[in-house]
Student: 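What follows is a single structure, and I will ask about it in a moment.
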Amino acid sequence: MKQPIEDYSPVAACKPLVSLRARKPIFIWLLTLAGMLLGMISLGGATRLTGSGLSIMEWNPIQGIIPPLSHAEWERLFALYKTIPQYKILHNGFSLHDFQTIFWLEWIHRFWGRLMGFALVLPLIYFIYKKMVTVRLALILGGLFVLGGLQGLIGWFMVASGFNPNSTAVAPVRLVLHLLFALLLYAALLWTAFSTYWPKQPLQQSYKTRSSLLLAGAWFCLLLLTLTIIAGGLTAGTHAGFIFNEFPLMGGSLIPADYAHLHPFWRNGLENTAAVQFNHRLLATFCSLAILTLIFCGLKKRLERHTQISFILLGWAIILQYSLGITTLLLVVPVWAGTLHQTWAAIVLGLLLFVIYQLHLKPLQISTLAEQKSE
Ligand code: HEM
């Protein structure tokens, strides 16, 4: 039976986050910040994969903005680097020039973080001065600025773990924490951007019921994606991508023979590289299948055009991500593939968030509604 047309219509809209005239510039600014964060995630991947992350051994949030300017300063920093296990075990024999190469990548990574702080605060002050943002939005963005600072601290917490005796890389769990926090910030920026451009319109009960299954499915996909990303972080952190460079088998069988050789069992999920890689593959497969099923179900309904487009883009993005994962593995983790695979995970996350946001707000069957009106 067809529902009465009124059932589809939104009830009174929530108070918007910005005024109508400020909507576009603030949306573009927030998207630019999210884009910068994506660049930061990419730089982070390249820094890790080139072994550059431990080259700056000092934590100077303010003075660190100035790179070494004299030969003596370079020599001092290089001498400091020579004291850590990574130099002794992996980079023994490095020249000053080699050191400078890895130093610059880490320096740019940190510099980009500071730049993002300015790109958030300076326009925010301007928008507040011009009364273009509500107090609520100013508070949200102020909160994100503080979280950004906290991310810098987590970054240092991660780097510090690489200076432990006999350690040549950072602790995998801290790497995952740093990656997750970056993605949390990125998701919060995107969600805020969506909320400024498409203010929330709570919908009537009958619409909610009709879209709720799809929405629940989308949230479930987000959960699976998050778990896959955590498993990906552990794969990267434990260097599990450098073994079993074959697909779909691992050492001739679907489940690697020594999947559970550590005791107690839970340690395998964190330390046993065979199990870590297998978990990432398995979760990635479930996650990709769940997202493709969601898209199949979503496209069967008559969605608004840009919701439909975001579903299709998400479909292609997840297929590409899965293929990039396999490519990274088969090629034994070259820097370009590992960086792209890490960055693309954030793009998939952004698209899934966009789909979820759309499903929260938009009537599913606008075209049906139009048809009913004309009947
Ligand atoms: C839904 C699909 C997938 C997602 C969202 C995903 C996500 C990720 C993420 C975020 C990382 C990097 C984490 C970090 O650098 O801290 C990662 C690493 C990795 N992934 Fe995936 N992945 C997916 C599918 C796959 C597949 C199918 C494979 C191979 C069978 C794979 C193999 C790898 C490998 C080898 C690494 C480690 C690379 C390195 O050391 O930099 N991934 N994955």
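Being a predicted model, the structure only gives us computed values, none of them experimental. Ligands are counted one by one from 1 in listed order, and the atoms in each one are counted from 1 as well.
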Student: Going by the order shown, which atoms of ligand 1 are within less than 4.0 Å of some heavy atom of Gly233?
Tutor: 13 (C), 14 (C), 16 (O)
Student: Which ligand 1 atoms are under 4.0 Å away from a heavy-atom of Arg281?
Tutor: 30 (C)
Student: For atom 35 (C) of ligand 1, which protein heavy atom lies nearest, and how many Å away is it?
Tutor: Gly241 CA, 3.6 Å
Student: So, for Phe99 and Trp104, is the gap between ring centers shorter than 6.0 Å?
Tutor: no
Student: Yes or no: does Val348 have any heavy atom under 4.0 Å from an atom of ligand 1?
Tutor: no
Student: Could you report the tightest heavy-atom contact between Arg174 and Ser161, atom names first, then the distance?
Tutor: NH1-CB, 3.5 Å
Student: Would you please classify the geometry between the Trp219 ring and the His360 ring as parallel, tilted or perpendicular, with 30° and 60° separating the classes?
Tutor: perpendicular
Student: Output the list of atoms in ligand 1 that are nearer than 4.0 Å to some heavy atom of Leu179, sorted by atom number.
Tutor: 13 (C), 14 (C), 16 (O)
Student: Under 3.5 Å, side chain of Trp344 to main-chain N/O of Ala317, donor-acceptor pair present?
Tutor: yes
Student: Leaving out waters, which are not shown anyway, how many protein N, O or S atoms lie closer than 2.8 Å to atom 21 (Fe) of ligand 1?
Tutor: 2
Student: Should you measure from each heavy atom of Ile318, which atoms of ligand 1 turn up under 4.0 Å away?
Tutor: 1 (C)
Student: Would you verify whether the NZ or CZ of Lys131 falls within 45 degrees of the ring axis of Tyr129 while also being under 6.0 Å from that six-membered ring's centre?
Tutor: no
Student: Measure from the side-chain N and O atoms of Thr235 to the backbone N and O of Ala231, and report whether any donor-acceptor pair falls under 3.5 Å.
Tutor: yes
Student: Do the rings of Phe194 and Tyr357 sit parallel, tilted or perpendicular, given the 30° and 60° boundaries?
Tutor: tilted
Student: Nearest to atom 38 (C) of ligand 1, what protein heavy atom do you find, and at what distance?
Tutor: Val333 CG1, 3.8 Å
Student: Please could you name the atoms of ligand 1 that Phe247 approaches to less than 4.0 Å, counting only its heavy atoms?
Tutor: 30 (C)
Student: Please check if any side-chain donor atom of Asp98 sits under 3.5 Å from a side-chain acceptor atom of Ser95, or the reverse.
Tutor: yes
Student: Between Asn268 and His261, what is the shortest heavy-atom contact and its length?
Tutor: OD1-N, 3.4 Å
Student: Please state which protein non-hydrogen atom is closest to atom 14 (C) of ligand 1 and give its distance, to 0.1 Å?
Tutor: Gln342 OE1, 3.2 Å
Student: With a cutoff of 4.0 Å, is His178 in contact with ligand 1, counting heavy atoms of the residue only?
Tutor: no
Student: Return the minimal non-hydrogen interatomic distance between Thr273 and Ala240, and the atom names on each side.
Tutor: O-CB, 3.5 Å
Student: Would you call the rings of Tyr81 and Phe94 parallel, tilted or perpendicular, taking 30° and 60° as the class edges?
Tutor: tilted
Student: My understanding is that only one of Trp191, Trp198, Phe311, Tyr197 makes a ring-ring contact (aromatic ring centres under 6.0 Å, His included) with Phe354; could you say which?
Tutor: Trp198
Student: Is there a heavy atom of Ser288 sitting under 4.0 angstrom from any atom of ligand 1?
Tutor: yes
Student: Give the single entry among Leu224, Leu225, Val176 that approaches atom 5 (C) of ligand 1 most closely by any heavy atom.
Tutor: Leu225
